[in-house]
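Everything below concerns the one structure shown next.
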Amino acid sequence: MGFRKETVISRINRAVSRRVRRVAHYVSDKGRVRACDVRGHVILLDVESAIEDYRANTYEIKEPETLEWIERFFQPSDVMYDVGANVGLYSLFAAKHLGDGKVFAFEPEALNYAKLSKNIYLNGLSGVVLPCCFAITDRLGFDTFNLNPETFDTFVTGKELVAGSALHSFGDTEDFRGKEFRPLHVQGMLGVPIDELWQSWGMDFPNHLKVDVDGLEDKIITGAAQTLYDQRLKSILIEVSGELGDADPVLQRIIQAGFT
């Protein structure tokens, strides 16, 4: 009887322990979901790292020109390609603004992609924002995706891998300044040109293209040559890493395609 009594007590203790852990986990999860009011849209973000906290705190002020671009040019039923979506700030805002449209959010970094997916789900936008875990580049192929330690050095003690990081590189270990870095972590990754996505893979054609990739702009524009000249592409927002201003070759190629 003593053995049976001990077994029953042990089972009760284990059940209580599991319940406590589930409740603690639930409370922890609820406590880290941030509701951000972004130009009249309430957007939920799952925040568990210092980098994500920074992104949530600066949602409206870090890149106001990106939010203005979405508000000015996007129309219902439009399609956006967000190349370098990170944890999804601008994909989510675009989807909220569009109401009736679609966003393809491209993010190769594994933890960013996981958090991008979670943020999409939190906002009830599954099927509206489609997260895609591969790199956009100039040719179809496999290569390494190399995580730059710079963002982690700024926000994270001990170089712990967390979501929200940036400045990484596909296919080499040079940052946007042309400086070599030693990867903090390396992923195997598929690279795909934008032209391939809608011509061969059957994705919807983009009406708007956002590119924020910290150094791979030239390859991305090369892989989007036919997309640029297609009249269905209405606008482009691209962050150019060079210091040449309007003389930058990437911008010149966009201008040659008919954009002003």
Exercise. What is the minimum heavy-atom distance between F74 and H208, and which atoms define it?
Worked result: CE1-CG, 3.3 Å
Problem set entry | P183 side chain near L147 side chain, heavy-atom distance below 4.5 Å | no
Seminar exercise, completed: Separation between NZ (K115) and CG (L122), nearest 0.5 Å, reads 9.0 Å
Exercise. Hey, is the main chain of V42 close enough, under 3.5 Å, to the side chain of K96 for a donor-acceptor pair?
Worked result: yes
Exercise. Could you state the interatomic distance from CG (L184) to CD (E160), rounded to the nearest 0.5 Å?
Worked result: 10.5 Å
Seminar exercise, completed: Output for pair (L197 CG, C132 SG), nearest 0.5 Å, gives 8.0 Å
Problem set entry | Atom of N146, atom of D172 and distance for their closest heavy-atom approach | ND2-O, 2.7 Å
Problem set entry | S165: partners by side-chain hydrogen bond (donor to acceptor under 3.5 Å, both in side chains), with sequence neighbours left out | H168
Problem set entry | Donor + acceptor pair across side chains of T227, D195 (<3.5 Å) | yes
For this session: Apply side-chain contact (heavy atoms from CB on, under 4.5 Å) to I194 and L209, showing your working.
Result: CA-CA 10 Å; I194 286 176; L209 176 61; 3.7 Å; yes
For this session: Just say parallel, tilted or perpendicular for the rings of Y81 and F104, cut-offs at 30° and 60°.
Result: perpendicular
Exercise. Of all residues at least two apart in sequence or in a different chain, which pass the side-chain contact (heavy atoms from CB on, under 4.5 Å) check with S49?
Worked result: I51, E52, V162
Problem set entry | Which atom of G141 lies closest to which atom of F170, heavy atoms considered | O-CZ, 4.4 Å
Problem set entry | Joint cluster assignment, F73 & L92, ILVMFWY side-chain distance < 4.5 Å | yes
Problem set entry | Side-chain donor-acceptor pair present, N123, N119, cut-off under 3.5 Å | no
Exercise. With sequence neighbours left out, what residues match L167 under side-chain contact (heavy atoms from CB on, under 4.5 Å)?
Worked result: N148, E150, T151, F176, D214
Problem set entry | Minimal non-hydrogen separation, E107 against N86, with atom names | OE1-N, 2.7 Å
Problem set entry | With sequence neighbours excluded, residues passing salt bridge (Lys or Arg N to Asp or Glu O under 4.0 Å) with K234 | D78
Exercise. So, does N112 use its side chain to make a donor-acceptor pair with the main chain of G164 at under 3.5 Å?
Worked result: yes
Problem set entry | Co-membership, hydrophobic cluster, residues W198 and Y229, 4.5 Å side-chain | yes
Exercise. What closest approach, in Å, do G101 and V128 show between heavy atoms, and which atom pair accounts for it?
Worked result: O-CG1, 3.8 Å
Exercise. Linking I/L/V/M/F/W/Y whenever their side-chain heavy atoms sit closer than 4.5 Å, directly or via other members, would L237 and V213 fall into one cluster?
Worked result: no
Problem set entry | Test side-chain contact (heavy atoms from CB on, under 4.5 Å) applied to S235 and R72, step by step | CA-CA 10 Å; S235 71; R72 179 179 177 185; over 6 Å; no
Exercise. From S169 OG over to D175 CG, what is the distance, rounded to the nearest 0.5 angstrom?
Worked result: 8.5 Å
For this session: Grab the two heavy atoms, one from P108 and one from A135, that are nearest each other, plus how far apart they are.
Result: CB-N, 4.1 Å
For this session: For I221 and I238, run side-chain contact (heavy atoms from CB on, under 4.5 Å): C-alpha distance rounded to whole Å, both residues' side-chain angles, the deciding distance at 0.1 Å, then the answer.
Result: CA-CA 10 Å; I221 293 302; I238 183 166; 4.0 Å; yes
Exercise. Do V83 and M203 share a hydrophobic cluster, counting only Ile, Leu, Val, Met, Phe, Trp and Tyr and linking them when any side-chain heavy atoms are less than 4.5 Å apart?
Worked result: yes
Problem set entry | Those residues that, when tested against Q199, pass side-chain hydrogen bond (donor to acceptor under 3.5 Å, both in side chains) (two or more places apart) | Q226
Exercise. Once you round to the nearest 0.5 Å, how far does CD of E60 lie from CG of L67?
Worked result: 7.0 Å
Exercise. What is the distance from atom CG of L130 to atom CZ of F106, rounded to the nearest 0.5 Å?
Worked result: 8.0 Å
For this session: Take I70 and K210, measure what side-chain contact (heavy atoms from CB on, under 4.5 Å) needs, and give me the verdict at the end.
Result: CA-CA 10 Å; I70 292 169; K210 170 185 163 288; over 6 Å; no
Exercise. Between E68 and R39, is the closest basic N to carboxylate O distance under 4.0 Å?
Worked result: yes
Seminar exercise, completed: Residue pairs passing the ring-ring contact (aromatic ring centres under 6.0 Å, His included) test with at least one member in residues 39-58, sequence neighbours excluded, are H41-F93, Y54-F155
Kindly list each side-chain donor-acceptor pair under 3.5 angstrom involving residues 251-260, sequence neighbours excluded, with atom names and distances?
from, atom 1, to, atom 2, distance (Å)
Q252, NE2, D246, O, 2.7
R253, NH1, D218, OD1, 2.9
R253, NH1, T222, OG1, 3.1
R253, NH2, T222, OG1, 3.0

Problem set entry | Option passing side chain to side chain contact (heavy atoms under 4.5 Å, CB included) with V79 (candidates L98, V103, N207) | N207
Exercise. For D82, does its backbone N or O pair with a side-chain atom of Y90 as donor and acceptor, under 3.5 Å?
Worked result: no
Exercise. Any link between Y113 and F145 through a network of hydrophobic side chains (Ile, Leu, Val, Met, Phe, Trp, Tyr) touching at under 4.5 Å?
Worked result: no
For this session: Tell me, please, which residues at least two apart from D230 pass side-chain hydrogen bond (donor to acceptor under 3.5 Å, both in side chains).
Result: R232
Problem set entry | Beyond-backbone contact of R32 with D46, side-chain heavy atoms, under 4.5 angstrom | yes
Exercise. Who are the side-chain hydrogen bond (donor to acceptor under 3.5 Å, both in side chains) partners of Q187, not counting sequence neighbours?
Worked result: none
Problem set entry | salt bridge (charged side-chain N to carboxylate O under 4.0 Å, His left out) contacts touching residues 119-130 (sequence neighbours left out) | none
Seminar exercise, completed: Hits for side-chain contact (heavy atoms from CB on, under 4.5 Å) against P249, two or more places apart or cross-chain, chain-then-number order -> L244
Problem set entry | Contacts of type side-chain contact (heavy atoms from CB on, under 4.5 Å), residue L190, not counting sequence neighbours | F134, L140, V192, W201
